[in-house]
There are 2 protein chains.
Amino acid sequence: MTSSRTAAGTATPRGRRAGRTSGDEREQAILGTAERLLEQRAFTDISIDDLARGAGISRPTFYFYFPSKDAVLLTLLDRVVEEADADAGDLLDRLAEDPRARWRELIDRFHRTFGGHRAVVAACAQVRGTNAEVRRLWAAVMERWVQAIEAAIEAERRRGAAPAGPPARDLAIALNSMNERVWYATFAGDGPSVAERDVVDVLLDVWLAAIYR
Amino acid sequence: MTSSRTAAGTATPRGRRAGRTSGDEREQAILGTAERLLEQRAFTDISIDDLARGAGISRPTFYFYFPSKDAVLLTLLDRVVEEADADAGDLLDRLAEDPRARWRELIDRFHRTFGGHRAVVAACAQVRGTNAEVRRLWAAVMERWVQAIEAAIEAERRRGAAPAGPPARDLAIALNSMNERVWYATFAGDGPSVAERDVVDVLLDVWLAAIYR
DNA sequence: ATTGCCGTCGACAGGGTGTTGACGCACGTC
DNA sequence: GACGTGCGTCAACACCCTGTCGACGGCAAT
């Protein structure tokens, strides 16, 4: 789960050229306002005007910094993803050592990072349907999990410790889909959710049965 | 998965009183236009005016039949859910007989019914974030799957054929989350998706490992 | 001082939603 | 066969929100 530097930065040209002026503070102000507002109301109920006023600028000026409301959210998500990457550290490369403990730690950290930005995650869940950029970035995050799981499955199969079963990637996708949905339910409060403290245990149980049986 | 009669009908008062006139045709025309249009463009890109014109009425008249664009989609989803219920038949009650075959058949039928209305499912996936009614109806559908899985787990545990593991309901939720996500990917084309013909096999494999191991 | 560009905003255009008020037309009623 | 009653219908209106255009002030380099 290390290094991504995705979307937003390059995908959506920001408008401001080489910025060394105080313009950067404004951008941060907008971002800050957005996350603060998102803790109070839904993304849909926040207008560009709200964001602009919150940052102490007018609506047209907002467009100088971001091309749209969605771009703000995308940047916010980008920041969270980076944070998660940093938190995950090199744990991924040391999975083989002690699978159960490592997986648990990895999931735990992911949980902690994203749990610290519920408002952002919830907003992303909300616009996921309509915003392809958000969907793509989220898909990229998930893809890394899928690959990690796939690698674990293959390693296990090479060791001869697990039966063949379905193609490793398909199985990995299915297993990760479980995470994804459960995380959504947990972070965005969307759908039936298991008691939070038990989430990791349940996920692990199913994983281990499917991968390491 | 039998009988639901949820939302839409009662939750959203339609506006027309006791209708025996041709008003019902209009309602059907709107519904038909909606599903047809959804096969061409995204829900968001369809305006109420499009729906109205497609049904041969004016925009204000549309409001006579439905309180909003979302209500139309909800009714559409309602119809699909009813169809799925009918298709599932009594299969649910006969799960114990031959779990693997029954589960497979159940999942297959679900797949077939919803696959026949991809446009509607995709639209629901799109507004799921913003529309609580759609979310609720979908959650109700999923809840029935969760309960079925939970029952299977408990039956299996009572038989002493499977180890204790996590609480049956939590496990059921986790397993069903997998279905849900995979279905979304398959029907709505959102997210990484395994080859369609293999979906059922992969799901079943993980299930069986977790439930019947 | 002049030029140029960054940052800023007032004002406009456009497109969508939901509501209001009035108008016909098909009834059942006496 | 006039007469309400209420369904079905729509033109027009009031809003709200988004995105763009043109103008204007100021700091920086020339």
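All values derive from a computational prediction rather than experimental measurement.
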(request) When you get a sec, tell me which of D/dG19, D/dG8, D/dT18 is the closest nucleotide to the side chain of A/Lys69? (result) D/dT18
(request) Whole angstrom is fine here: how far is it from CD1 in B/Ile30 over to P in D/dG8? (result) 12 Å
(request) Name the closest nucleotide to the B/Tyr63 side chain, picking from C/dT19, D/dC10, D/dG8. (result) C/dT19
(request) For the pair B/His111 and B/Phe187, name the ring-plane relationship: parallel under 30°, tilted 30 to 60°, perpendicular over 60°. (result) tilted
(message) Between A/Arg109 and A/Asp85 (salt bridge meaning N to carboxylate O under 4.0 Å), is one present in this structure?
(response) no
(message) Nearest to the A/Pro60 side chain among D/dC10, C/dG10, C/dG7, which nucleotide is it?
(response) C/dG10
(message) I need the CG-P distance between B/Asp70 and C/dG16, as an integer number of Å.
(response) 16 Å
(request) Write down the distance between CD (B/Glu27) and P (D/dC7), rounded to a whole number of angstrom. (result) 15 Å
(request) Give, ordered by number, those residues of residues 37-59 of chain A having at least one heavy-atom distance below 4.0 Å to an atom of DNA chain D; if nothing qualifies, reply none. (result) A/Ser47, A/Ile48, A/Arg59
(message) Could you tell me how far apart B/Phe66 (CZ) and D/dG8 (P) are, to the nearest whole angstrom?
(response) 13 Å
(request) Determine whether the side chains of B/Tyr184 and B/Arg128 contain a donor N or O and an acceptor N or O closer than 3.5 Å. (result) yes
(request) For A/Phe62 and D/dT20, give me the distance from atom CZ to atom P, rounded to whole Å. (result) 12 Å
(request) State whether a side-chain donor-acceptor pair under 3.5 Å links A/Asp78 with A/Thr75. (result) no
(message) Under 4.0 Å between a side-chain nitrogen and a carboxylate oxygen: does that hold for A/Glu83 and A/Arg79?
(response) no
(request) Tell me whether the centres of the aromatic rings in B/Trp138 and B/Trp183 are closer together than 6.0 Å. (result) no
(request) Determine: side-chain N/O of B/Thr61 to OP1/OP2 of D/dG8, distance under 4.0 Å, yes or no. (result) no
